[in-house]
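Worksheet: one structure, shown below.
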Amino acid sequence: MRKRQIPHTFVIVFMLIVVAAVMTWFVKPGHYIEENGVLNFYYEDSLPQQHLGEYHSEIQTWQVFSAFFEGFRRQSSIIVFILLIGGAFWILNKSRAIDMGIFSFLKFTRRLEKNFIVRKIGVDNIIIVLIMLLFSFFGAVFGMSEECIAFIVIVIPLAISMGYDSITGLCMVYVAAHIGFAGAILNPFTIGIAQGIAEVPLFSGIEYRVFCWIIINIVGIAMVLAYAGKIKKKPSMSLMYEEDSYWRAGQIGEDDKIEPFVPFSAWIVYAVILVAMICFSIYYPISTIKIGMKAATFCIIPVLTVIFAVLGALSLRKTVHNFILLLLAYTVIYLIVGVLGYGWYVMEIATLFLVMGLAAGFAVGNTGSEIAKLLLDGMKDIFSAAVVVGLAAGIVVVLENGGVIDTILFGLSKSLGDFGKVASVEIMYGIQTLVNIIIPSGSAKAAITMPIMAPFGDLIGVCRQATVMAFQFGDGFTNMITPTSGVLIAALGVARIPYQKWFRWVWKYILVLVILGAILLVPTVLMNLNGF
């Protein structure tokens, strides 16, 4: 008998578009109209006289196909944003700079064994914590997900050599990145897109998000440390004890060495970027950084330029990889400054990362043609994620043209409004969590759910920032268990961990994190938080 397969994400999205079209056959069209500062709902056939002719909805049939075009048109900026980010990081990954950074990090942690206090705490525990914090930070800031797969073959042999198992190694990289992804601080793929659709200031509410990221990391890392400690005491307790013989044999990772080099092109890139930063310093000598209701004015760009001049020259005295890591660090810093100081959005952020990718490519000595090929390879790698954003927007197009979105919101508000703010935001969280199991793409889920959830929150008195948080948590945790996630399946394949064994281990871990997310949502509706 042929084994049933989970449909492709595109198929799932198209099925949802068809369902949306069918809904327009049975759901009565209606609209919310603002009157004297109050939103009132009217069915289309009973609109007040002054609003007759303003709305015209029709049952959707063949429009399920034309909705694709309109969906791509609406989400064009986000689609281009995703493609440029994917291409830029592909170039960066091919430079092996991040690999060298990880190697240097591991080498540094081994030096800590000389310290008495460190030996008492356990250098292995410190290594696990530091590595998980590093990848969690990457996940929280720029949405590291697919990128972490390359590091699995580096970290799992390390975990095995320390007396742990491949599950521990996978947790150190993949799980850590997705803990950060769930507790996102500046992740442009989730927070950036969701806040943009919800029409709230980009990356606002950062203070509480940092708090949530810290709490999630404390709980998540503590559970991994507890498990790792049990495995070290008795390795045979691991579900992967027999399969890990492959890693114990040392067949992968031993010959992976990155040779340091500094091509002349790296110095040219350094000089060009320094000149550009000097020009920016002259043009923007003073910047006002706003975080929540607070603001600070100082000469941050000139200071960053001076620091780059020094660190850039020092980094190139050793290897171009150090210089590229510096470029990555400065990209993140400039993203923060641009968003908080100058109101940057997807166009500026995409441009920033594209420049970083091009600079990294030229710095390692790639020709223009080679960089173009790498850029296209990166875009092809993430193309499906970009396309699904446009496809998913077609669902909203069909619902809007059928005039049923406001009717659905009206029904939800009538049925759920009496539960109170806390229960309502938790129901949103539960819906986002369930949707994530079917469609693991954060960008696609934002395109599908936020146009509905954000105004629904308005109706029941839940602020849009809390709605974004419900999306954020619902999008993040179940990524580590859903079989529809290509990243998870790829990571398990590289780690040589069967899905069924991973499920047996991770479901309790996910359950704890899901409950924690529900608890962290409560203050967003009960407390007066900055940005909420």
Any donor-acceptor pair under 3.5 Å linking the side chain of [X] with the backbone of [Y]?
X: S245; Y: Y241; answer: no
X: D475; Y: F471; answer: no
X: W502; Y: M480; answer: yes
X: Q465; Y: V200; answer: no
X: Q60; Y: L399; answer: no
X: T433; Y: Y429; answer: yes
X: H178; Y: F477; answer: no

Problem set entry | SB check D377 K94 (cutoff 4.0 Å) | no

Considering all heavy atoms, the nearest [X]-[Y] contact:
X: A360; Y: L92; result: CB-CD1, 4.1 Å
X: A140; Y: G183; result: CB-O, 4.1 Å
X: S166; Y: I156; result: O-CD1, 3.9 Å
X: L516; Y: I215; result: CD1-CG2, 4.0 Å
X: Y509; Y: V175; result: OH-CG1, 3.5 Å
X: V64; Y: A21; result: CG1-CB, 3.5 Å

Exercise. In this structure, which one of L133, V224, I216 forms a side-chain contact (heavy atoms from CB on, under 4.5 Å) with I179?
Worked result: I216

Exercise. Between the side chains of T61 and W25, does any donor sit under 3.5 Å from an acceptor?
Worked result: no

Exercise. For residues Q195 and R464, is any side-chain donor paired with an opposing acceptor at under 3.5 Å?
Worked result: no

Would you mind reporting whether [Y] and [X] have side-chain heavy atoms less than 4.5 Å apart?
X: L170; Y: L492; result: yes
X: T331; Y: F353; result: yes
X: V425; Y: T467; result: no
X: S136; Y: F181; result: no
X: K230; Y: K233; result: no
X: V210; Y: I206; result: yes
X: Y227; Y: Y164; result: no
X: C212; Y: M469; result: yes

Exercise. Does K501 NZ have over 12 foreign heavy atoms under 6.0 Å away?
Worked result: yes

For this session: Decide if atom OH of Y499 counts as having more than 12 heavy atoms of other residues, nucleotides or ligands within a radius under 6.0 Å.
Result: yes

Exercise. Side chain to side chain donor-acceptor pair (under 3.5 Å) with S238: which residues, sequence neighbours excluded?
Worked result: D165

Problem set entry | Residue list, side-chain contact (heavy atoms from CB on, under 4.5 Å) with V80, at least two apart or on another chain | L84

Exercise. Of all residues at least two apart in sequence or in a different chain, which pass the side-chain contact (heavy atoms from CB on, under 4.5 Å) check with A176?
Worked result: M132, F135

